[in-house]
Amino acid sequence: MAVTKISKKTKAPTADPLLIEDNSNPFNSMMQRLDQAAKIMNLEDDVYQVVKVPSRIIEVSLPIKMDNGRVKVFGGYRVIHSTALGPSKGGIRFHPQVDEHEVKALAAWMTFKCAIAEIPYGGAKGGITCDPKTMSVGELERLTRAYTVSMSDIFGVDKDIPAPDVNTSSREMAWLMDEYSKVNGSFTPGVVTGKPLLLGGSQGRVEATGRGVCTAALQAMKKMKMNPKKTRAVVQGFGNVGSISAKHFEANGITVVGISDHTGAFYNPKGISIKKAIAHCEKNNGTLKGFKDAKEISHPELLELDTEILAPCALENQITSKNASRIKAKLIVEGANGPTSADADDILNKKGVIIIPDILANGGGVTVSYFEWVQNRTGYYYSEEEVNNRADKWMINAFNNVWAVAVENKVPMRLGAYVHALTIVAKAIRARGSY
Ligand code: GLU
């Protein structure tokens, strides 16, 4: 893919000043970066107006009969940011923090992520405001099915394709696929990705995001002349993305010295056995609580540990103007979406820290989602090796494209990623035309 050149044309508009006052709001944080990218590429207003707003916001109320016999009403969202490049794609998260602002930001990030990964999708995101840790399996199933029914005219193989995200996995995707298939009257595996293998899931999908995070880090390390064997990593978050990133770091000779999840943060300067940590989680309700092979430290301390690589793989806004100056890592690879605030970016850029931005670093997941969707449509299934080889190649290609745009325009990788993505999305919008 050719390097994106910036042409000097009409002036791009700036973000709404009311929007950029509150940096803790992920949508505002996203808009600040988008604005910067639009400005440096002199994106014409006609296109920018389209890109900066979501094309559709759906909000639903989901009354669910809880196990105690009482009805509880949950709020659910689906935001379709763009369908310029194809049907919209993006996960569904279950979390108490889910709100419209968060889902809007996450949906826009999916648009840019898919553009960078060069997969033919637009971007969307969904979420339900709930605390799955306090809910039974039956309650979660009813909630997932109710959400699916209420979104059944939104979702579709060629319309909008959900996937797992924070606190959702192949289990929820199987319920979603089953419920949608019932409503649709035919077996429709291609309506959702991240399904169990038995129901049309893809080999390699579970590992895809973490694997891609590691591949992206290894590419940056090559550029930075860092030897994996002499490199330490700290990983925040030990869910699907964090644990698998840590596993791949370890497999590539990197010493993982710090890990954490919502129950605790752990540090061992000699290195933590990720195999042991994963085994511990399997026996302990999926948590690191009580992990003995490392010293327990505080959550803020974890991010500020002495390390070369920091991989935030949890939620948004973990690295902010409050702690950015104390971050010691020289390479940050964002497994999570939006872990670094716009203000923190400025501080880290000044310190010379290289940040592989979320919309590049965690794109391995949606890339393999695309492979899953292709397999569902053709009915021909690839081996794990085929999926992994393809995914690695796509990630390396995406990394090199973003790196080249950043170098060409003398901007940090995040801005390079936004410029690159915006260039592709803008081309599609122009080519499709408007009313
Ligand atoms: N939830 C993942 C993400 O944020 C995967 C999305 C997908 O596969 O559609 O990238």
Side-chain angles (χ1 to χ4, degrees), residues 26 30 77-83 85-95 98 102-128 151 154-170 172-173 176-177 189-196 200-213 216 237 239-242 244-245 312-316 333-339 356-376 387 391 394-395 398 417 421:
M30 187 279 301
Y77 302 88
R78 186 74 180 165
V79 174
I80 295 175
H81 174 258
S82 170
T83 52
L85 284 160
S88 50
K89 185 85 188 83
I92 298 166
R93 68 171 55 178
F94 288 1
H95 197 273
V98 165
E102 186 190 51
V103 184
K104 268 165 69 181
L106 291 161
W109 282 322
M110 285 310 302
T111 299
F112 307 132
K113 200 184 294 185
C114 293
I116 290 171
E118 293 182 15
I119 51 181
Y121 288 142
K125 200 82 175 196
I128 302 179
M151 297 288 173
I154 304 298
F155 297 156
V157 181
D158 287 309
K159 282 165 73 181
D160 179 43
I161 309 134
D165 197 74
V166 174
N167 291 330
T168 56
S169 66
S170 59
E172 285 74 16
M173 301 309 115
L176 194 155
M177 190 276 286
V191 74
V192 58
T193 60
K195 300 177 293 295
S202 175
Q203 295 285 353
R205 178 62 186 86
V206 173
E207 297 244 331
T209 312
R211 188 184 171 88
V213 165
N240 173 264
V241 182
I244 309 248
S245 299
C313 298
L315 290 170
E316 298 93 53
V333 50
E334 296 183 335
N337 292 308
I356 313 177
D358 45 10
I359 52 176
L360 168 64
N362 67 40
V366 73
T367 300
V368 176
S369 274
Y370 168 57
F371 299 158
E372 180 173 332
W373 181 77
V374 169
Q375 293 170 85
N376 293 153
V387 171
W394 287 41
M395 175 53 84

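All ligand and atom numbering here is 1-based and tracks the order in the structure.
- The single protein non-hydrogen atom nearest to atom 9 (O) of ligand 1 is Lys89 NZ, 2.8 Å, given as residue, atom name and distance.
- Nearest residue to atom 7 (C) of ligand 1 from Ala163, Gly126, Gly365 is Ala163 (criterion: closest heavy atom).
- Annotation: side chain to side chain contact (heavy atoms under 4.5 Å, CB included) contacts of Ala417 (sequence neighbours excluded): Ile116, Pro357, Ile359, Val402.
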Problem - Evaluation steps, side-chain contact (heavy atoms from CB on, under 4.5 Å), between Ile92 and Val192 - result: CA-CA 10 Å; Ile92 298 166; Val192 58; over 6 Å; no
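- Ligand 1 places these atoms under 4.0 Å from at least one heavy atom of Asn337: 4 (O).
- With hydrogens left out, the protein atom closest to atom 8 (O) of ligand 1 is Ser369 OG, 2.5 Å, a heavy atom.
- Taking every heavy atom of Lys125 and a limit of under 4.0 angstrom, the matching atoms of ligand 1 come to 1 (N), 3 (C), 4 (O).
- Every atom of ligand 1 with a heavy atom of Met110 under 4.0 Å away is listed here by number and element: 3 (C), 4 (O), 6 (C), 10 (O).
- Each of the following atoms of ligand 1 lies closer than 4.0 Å to a heavy atom of Lys113: 3 (C), 4 (O), 10 (O).
- If you run side chain to side chain donor-acceptor pair (under 3.5 Å) between Arg93 and each of Thr168, Asn167, Asp165, only Asp165 comes through.
- Between the side chains of Asp160 and Ser88, at least one donor N or O sits under 3.5 Å from an acceptor N or O.
- For ligand 1, the polar-atom distance check against Pro164 finds a nitrogen or oxygen pair separated by under 3.5 Å.
- Legend: residues meeting ring pair (Phe, Tyr, Trp, His ring centres under 6.0 Å) with Tyr121, ordered by chain and number and at least two apart, are Tyr370, Trp373.
- Atom CD in Glu102 sits 7.0 Å away from atom CG in Leu315 (nearest 0.5 Å).
- Thr111 and Ser82 share no side-chain donor-acceptor pair at under 3.5 Å.
- Closest to atom 5 (C) of ligand 1 among all protein heavy atoms lies Arg205 NH2, 3.5 Å.
- Within ligand 1, counting atoms from 1 as listed, the ones closer than 4.0 Å to a heavy atom of Gly90 are 9 (O).
- Of all the heavy atoms of Met173, none lies under 4.0 Å from any atom of ligand 1, so neither backbone nor side chain is involved.
- Using a 3.5 Å distance cut-off with no hydrogens or angles, the side chains of Ser369 and Arg205 do pair a donor with an acceptor.
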